[in-house]
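Note that these values count all heavy atoms, side chains included, but never hydrogens, waters or copies made by symmetry.
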Amino acid sequence: MPDFPLIEIHDFSDPRLDVYARLTENQLVNRADPSNALFIAESPLVIGRALDAGCQPVSFLMEEKHALGKARPLLERCPSLPVFVAQEEVLCQLTGFHLTRGMLCAMRRPALPGPQQVCQNAQRVAVLENVMNPANIGAIFRAAAALGIDAVLLTAQGSDPLYRRALRVSMGNVFVVPWAYLPLGWPALLAGMGFKTAAMALRDDSLDIADPRLYREERLAIVLGTEGDGLAPQTIAQCDYTVRIPMHRGVDSLNVAAASAVAFYQLGKRPGR
């Protein structure tokens, strides 16, 4: 038997499951009381990366067999926390439960740094303007971590990187790559920090993504736009470069997550490396 208490849940309507089963993402964010705002981490990998990043857990929910097995190292890191356990047939009433690897953790939302802080020593950053799909956000963070991007900056109108689906798709890399929200007038802010901005956009005057001028920039911000419409015209006008990924076979563009991986690989190259 484990040396931490397990709390058995037999009924899906049990109010102790509300945080996992019935609160919306907006309710978890709790803008009226940010000190009690929460997010839900799914799977041992994501939970472990959140703990490594210093996130504060509130409770766990899992199949009992996991509490006695693969979850044990995580639970031992969080003594005295409530550990709710239930049989699979109860938990499968949770939408998408099979995607969670049988384990969920409610955590307090961490205080976020500002853009100046996350960019202090950065040479290559990603800027996401109004990217709305949580799966795209997660995939972009995973690509940013894998391809050496130093930080991700987001406009407030886009999707939240701590949404469940974004966390799951990122495989916890939201806790690996520093990120912050941008204020209005962010192109001027980045320019003041010494960044040149490269807007990813399909225009006749766009530079090829392999143009050596991009590689030579000491500090470069790669700017990606919302799904469908892409970057706002006024954003493109305020950027130093407009950059395109060459296309073939009549394809006119890539999904923003796929485009981010190509852009991060090519534009992530920097002088002296």
key: Stepwise side-chain contact (heavy atoms from CB on, under 4.5 Å) check, F60 with L81   = CA-CA 8 Å; F60 288 90; L81 278 188; 3.9 Å; yes
query = How close do A126 and I149 get, heavy atom to heavy atom, and via which atoms?
reply = N-CG2, 3.8 Å
inquiry  = Please find the pair of heavy atoms, one from V169 and one from A135, that lie closest to each other, and give the distance.
reply    = CG1-O, 3.4 Å
remark   = Interatomic distance, CG@L91 vs CZ@F12, rounded to 0.5 Å, equals 8.5 Å
message = Regarding E25 and R164, does a basic nitrogen lie under 4.0 Å from an acidic carboxylate oxygen?
response = no
Heavy-atom pair with the smallest gap, counting every atom of P73 and G69 = CD-O, 4.0 Å
inquiry  = When you group the ILVMFWY residues by side-chain heavy-atom contacts below 4.5 Å and let the links chain together, are I40 and V29 in the same group?
reply    = no
query = V223, L202: one ILVMFWY side-chain cluster at the under-4.5 Å cut-off?
reply = no
task = Please name the pair of heavy atoms, one in E42 and one in V46, separated by the smallest distance, quoted to 0.1 Å.
result = O-CB, 3.0 Å
request  = Please indicate whether Y265 has more than 12 foreign heavy atoms, meaning atoms of other residues, nucleotides or ligands, lying under 6.0 Å from its OH.
outcome  = no
request  = Determine yes or no for a side-chain-to-main-chain donor-acceptor pair under 3.5 angstrom, with R49 supplying the side chain and M171 the backbone.
outcome  = yes
inquiry  = For a side-chain contact (heavy atoms from CB on, under 4.5 Å) check, start with the C-alpha distance between E63 and V85, then their side-chain angles and the critical distance, and finish with the verdict.
reply    = CA-CA 5 Å; E63 294 178 61; V85 297; over 6 Å; no
query = Any donor-acceptor pair under 3.5 Å linking the side chain of S206 with the backbone of A201?
reply = yes
message = Counting only heavy atoms not in R124 (residues, nucleotides, ligands), do more than 12 fall under 6.0 Å from its CZ?
response = yes
key: Whether T226 side chain and N130 backbone form a donor-acceptor pair below 3.5 Å   = yes
ask   = So how far is it from S260 OG to I140 CD1, rounded to the nearest 0.5 Å?
value = 4.5 Å
request  = Would you kindly confirm whether L147 and V176 end up in one hydrophobic cluster when ILVMFWY residues are joined by side chain heavy atoms under 4.5 Å apart?
outcome  = no
task = Before giving the answer on side-chain contact (heavy atoms from CB on, under 4.5 Å), spell out for K70 and K65 the whole-Å C-alpha distance, their side-chain angles and the decisive distance to 0.1 Å.
result = CA-CA 8 Å; K70 64 182 180 180; K65 66 181 182 181; over 6 Å; no
task = Return yes when atom CD of Q120 has more than 12 non-hydrogen atoms of other residues, nucleotides or ligands closer than 6.0 Å, and no otherwise.
result = no
inquiry  = With a 4.5 Å cut-off on side-chain heavy atoms, are V152 and V125 touching?
reply    = no
query = If we only count heavy atoms from C-beta on, is the F39 to P110 side-chain gap below 4.5 Å?
reply = yes
message = Do I209 and L267 make a side-chain contact, defined as non-hydrogen atoms from C-beta onward lying under 4.5 Å apart?
response = yes
Within-4.5 Å side-chain heavy-atom neighbours: P178 and D150 = no
message = For the backbone of N30 and the side chain of D33, can you confirm whether one donor and one acceptor N or O come within less than 3.5 Å of each other?
response = no
ask   = Salt bridge or not for R244 and D211, using N-O below 4.0 Å?
value = no
ask   = CZ of F195 to CG of L153: how many Å apart, nearest 0.5 Å?
value = 7.5 Å
query = Are side-chain heavy atoms of L207 and T242 found at a separation under 4.5 Å?
reply = no
key: Spacing of SG belonging to C55 relative to CZ belonging to F175, to within rounding of 0.5 Å   = 4.5 Å
query = So, do M107 and Q56 sit near enough that their side-chain heavy atoms are less than 4.5 Å apart?
reply = no
request  = Indicate if M132 and L231 have the same hydrophobic cluster label, given that clusters are the connected sets of ILVMFWY residues with side-chain heavy-atom separations under 4.5 angstrom.
outcome  = no
inquiry  = Rounded at 0.5 Å granularity, tell me how far CD in E227 sits from OG in S253.
reply    = 11.5 Å
ask   = What distance do L68 atom CG and H66 atom NE2 have between them, rounded to the nearest 0.5 Å?
value = 10.5 Å
side-chain hydrogen bond (donor to acceptor under 3.5 Å, both in side chains) evaluation trace for D11 with S13 = CA-CA 5 Å; D11 184 351; S13 65; 2.9 Å; yes
inquiry  = Which heavy atom of L189 sits nearest to which heavy atom of P115, and what is that distance?
reply    = CD2-CG, 3.8 Å
remark   = Nearest heavy-atom contact between V118 and A180 is CG2-CB, 4.0 Å
message = Under a plain distance cut-off of 3.5 Å, with no hydrogens placed, do T235 and E129 share a side-chain donor-acceptor pair?
response = yes
query = So does R72 pair up with E76, basic N to acidic O under 4.0 Å?
reply = yes
query = Going through the distances and angles, do E217 and K196 end up as a salt bridge (charged side-chain N to carboxylate O under 4.0 Å, His left out)?
reply = CA-CA 7 Å; E217 294 292 354; K196 296 294 187 179; 5.6 Å; no
message = Tell me whether R16 contacts the main-chain N or O of I9 through its side chain, where contact means a donor paired with an acceptor under 3.5 Å.
response = no
query = Do V174 and L162 come close enough that some side-chain heavy atom pair is under 4.5 Å?
reply = yes
In one Ile/Leu/Val/Met/Phe/Trp/Tyr side-chain cluster, 4.5 Å: W179, L220 = yes
inquiry  = Side chains of C105 and I47, heavy atoms from C-beta outward: is any pair under 4.5 Å?
reply    = yes
request  = Give a yes or no answer on whether the side chain of T197 reaches the backbone of D240 with a donor-acceptor pair at less than 3.5 Å.
outcome  = yes
task = Check the surroundings of atom CZ in R219: do more than 12 heavy atoms from other residues, nucleotides or ligands lie under 6.0 Å from it?
result = yes
query = Does any N or O in the side chain of N255 come within less than 3.5 Å of the main-chain N or O of A258, such that one atom is a donor and the other an acceptor?
reply = yes
request  = Go through W186 and V127 one step at a time and tell me if the side-chain contact (heavy atoms from CB on, under 4.5 Å) criterion holds.
outcome  = CA-CA 10 Å; W186 57 264; V127 175; 3.8 Å; yes
key: Ionic contact status for D160 with R109, cut-off 4.0 Å   = yes
request  = Answer with yes or no after comparing the ring centroid distance for F264 and F141 against a 6.0 Å cut-off, counting only values under it.
outcome  = no
